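What follows is a short report on a single structure.
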Amino acid sequence: MTSPLDTAARPVLECAGLVKRFGDRTAVDGAGFHIRSGEAYGLLGPNGAGKTTTISMLCGLLRPDAGEITVAGRRMDTGDPQVKSAIGYVPQEIALYPDLTARENLRFFGRLYGLSGRDLGSRIDETLDLVGLADRGDDRVSTYSGGMQRRLNIAAGLLHRPKLLVLDEPTVGVDPQSRNAILERVGELRAEGLGVLYTTHYMEEAQRLCDRIGIIDSGRILAEGTTAELVASLGHSDRVDVKASGPVEKLALDCRGIDGVDEATVVDGGLQLLAHGGRRVLPRLLEAAERRGV
């Protein structure tokens, strides 16, 4: 997925040297990265890697022990209210009132942002339409599926038209259809120029949505770049699984001589290859199979 990024544009988020300690444990240890307008940045890592602590500092919910954070050109540590108003934060947990309707929830959060009157009403309509809930706006949130609640959670973070949308694992526990809908909506926002920080466990989500990815573990950014750059840095090989019958052992020997094939192993019911550029290898694999009568 491409993005209309202006590489000369000033980042909507810059952070450097972030440190956060809880007693003797260092949860974040020198993390830093930047995000431009119209760019989606994926922060990947296992549970306990420091993702949620990092974004809590970026959103002003936790004070870092060290490091600097700038949002839309304003430093987070100055107490300037415009810094936080530039951020739309969508937490991992559902932050909605189940006994209220979707519109009532959004009206409440909109007033916290200082919105009122027709402006608030139009923004509620706009965000409900954006997340695909316009026809369920007057229903109580308690009647929503988990995926619908996740989408309404995102709508609440978009009411005030932030410059940076921070999403903390927004697809956890949702069905595939809702997950796909969330990713589509976030992709649309990114294409319209919104900066997005997206934390997730799932590489396929980051690959689909994000322009750049940071791999975090033990509170440190271990690697950063586009998907292609990260794959290239790891010396990635494609795995090719072939269901086959006949003299598969002889075919495996032939495949080991094909340029780009690192390994050819006979497995139950066929052959498994590790190769650089699997698509380029396939024609020669099929030619060898035909010669061997496989």
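What you see is a predicted model; the values in this text were computed from it and never measured.
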> Only one of Y113, F109, Y89 clears ring-ring contact (aromatic ring centres under 6.0 Å, His included) with H160; which?
Replying inline: Y113
Are [Y] and [X] connected in a single hydrophobic cluster, I mean Ile/Leu/Val/Met/Phe/Trp/Tyr linked by side-chain heavy atoms less than 4.5 Å apart?
{"X": "V83", "Y": "L165", "value": "no"}
{"X": "L100", "Y": "V131", "value": "yes"}
{"X": "L194", "Y": "L183", "value": "yes"}
{"X": "V166", "Y": "L159", "value": "no"}
{"X": "V90", "Y": "L13", "value": "no"}

Can you confirm whether more than 12 heavy atoms, excluding those of [X], are under 6.0 Å from its [atom1] atom?
{"X": "E93", "atom1": "CD", "answer": "no"}
{"X": "R136", "atom1": "CZ", "answer": "yes"}
{"X": "E184", "atom1": "CD", "answer": "yes"}
{"X": "R256", "atom1": "CZ", "answer": "yes"}
{"X": "R103", "atom1": "CZ", "answer": "yes"}

Do the side chain of [X] and the main chain of [Y] share a donor and acceptor less than 3.5 angstrom apart?
{"X": "T226", "Y": "E229", "value": "yes"}
{"X": "N105", "Y": "Y97", "value": "yes"}
{"X": "T200", "Y": "Y202", "value": "yes"}
{"X": "R161", "Y": "A86", "value": "no"}
{"X": "R239", "Y": "L274", "value": "no"}
{"X": "R150", "Y": "Q92", "value": "yes"}
{"X": "R185", "Y": "L130", "value": "yes"}
{"X": "T227", "Y": "Q207", "value": "no"}

Kindly indicate whether the side chain of [X], heavy atoms from C-beta on, has any atom under 4.5 Å from the side chain of [Y].
{"X": "V196", "Y": "I35", "answer": "no"}
{"X": "R21", "Y": "D29", "answer": "no"}
{"X": "I154", "Y": "L167", "answer": "yes"}
{"X": "T53", "Y": "S56", "answer": "no"}
{"X": "P46", "Y": "D217", "answer": "yes"}
{"X": "I69", "Y": "D77", "answer": "no"}
{"X": "L158", "Y": "E126", "answer": "no"}
{"X": "F22", "Y": "L62", "answer": "yes"}

>> For K250 and D254: C-alpha separation, side-chain torsions, deciding distance, then whether salt bridge (charged side-chain N to carboxylate O under 4.0 Å, His left out) applies.
In response: CA-CA 6 Å; K250 293 181 179 179; D254 292 345; over 6 Å; no
How long is the straight-line distance from [atom2] of [Y] back to [atom1] of [X], given to the nearest 0.5 Å?
{"X": "S145", "Y": "R151", "atom1": "OG", "atom2": "CZ", "result": "6.5 Å"}
{"X": "K163", "Y": "Q82", "atom1": "NZ", "atom2": "CD", "result": "8.5 Å"}
{"X": "T101", "Y": "L96", "atom1": "OG1", "atom2": "CG", "result": "11.0 Å"}
{"X": "E205", "Y": "T199", "atom1": "CD", "atom2": "OG1", "result": "9.5 Å"}
{"X": "D139", "Y": "T143", "atom1": "CG", "atom2": "OG1", "result": "4.5 Å"}
{"X": "L164", "Y": "L197", "atom1": "CG", "atom2": "CG", "result": "6.5 Å"}

Answer yes or no: is there an ion pair linking [X] with [Y], defined by an N-O contact shorter than 4.0 Å?
{"X": "E104", "Y": "R140", "value": "no"}
{"X": "R75", "Y": "D80", "value": "no"}
{"X": "R190", "Y": "E39", "value": "no"}
{"X": "D168", "Y": "K51", "value": "no"}
{"X": "E287", "Y": "R292", "value": "no"}

Of all heavy-atom pairs between [X] and [Y], which one has the smallest distance, and what is that distance?
{"X": "V28", "Y": "T26", "value": "O-CG2, 3.3 Å"}
{"X": "Q149", "Y": "V141", "value": "NE2-O, 3.5 Å"}
{"X": "M76", "Y": "V71", "value": "CE-CG2, 4.2 Å"}
{"X": "G147", "Y": "V174", "value": "CA-CG1, 3.9 Å"}
{"X": "A206", "Y": "L44", "value": "CB-CD1, 3.4 Å"}
{"X": "P91", "Y": "N153", "value": "O-ND2, 3.5 Å"}

>> Quick one, N180 with R208, criterion side chain to side chain contact (heavy atoms under 4.5 Å, CB included). Give me CA distance, side-chain angles, the key distance, then yes/no.
In response: CA-CA 11 Å; N180 188 60; R208 171 177 170 179; 2.7 Å; yes
>> Evaluate D119 against S116 for side chain to side chain contact (heavy atoms under 4.5 Å, CB included), listing each step before the verdict.
In response: CA-CA 6 Å; D119 188 29; S116 62; over 6 Å; no
> Who else is in the cluster with V242 when I, L, V, M, F, W and Y are joined by side-chain contacts under 4.5 Å?
Replying inline: V240, V248, L251, I258, V261, V266, L271, L273, V281, L282, L285, V294
>> Within the 3.5 Å criterion, strictly below it, is a donor on H276 or D238 matched to an acceptor on the partner's side chain?
In response: no
>> What I want to check is whether the side chains of S178 and D175 have a donor and an acceptor closer together than 3.5 Å.
In response: yes
>> What verdict does the side chain to side chain contact (heavy atoms under 4.5 Å, CB included) test give for M57 and R63, after you've listed the backbone C-alpha separation in whole Å, the side-chain angles of each residue and the deciding distance to 0.1 Å?
In response: CA-CA 6 Å; M57 288 189 287; R63 183 182 295 274; over 6 Å; no
> Should T70 and C15 be marked as a side chain to side chain contact (heavy atoms under 4.5 Å, CB included) after you check the CA-CA gap, both sets of side-chain angles, and the distance that decides it?
Replying inline: CA-CA 6 Å; T70 303; C15 61; over 6 Å; no
>> If you apply the rule ring pair (Phe, Tyr, Trp, His ring centres under 6.0 Å), what do you find for F33 with Y41, and how did you get there?
In response: CA-CA 9 Å; F33 52 89; Y41 185 95; 4.6 Å; yes
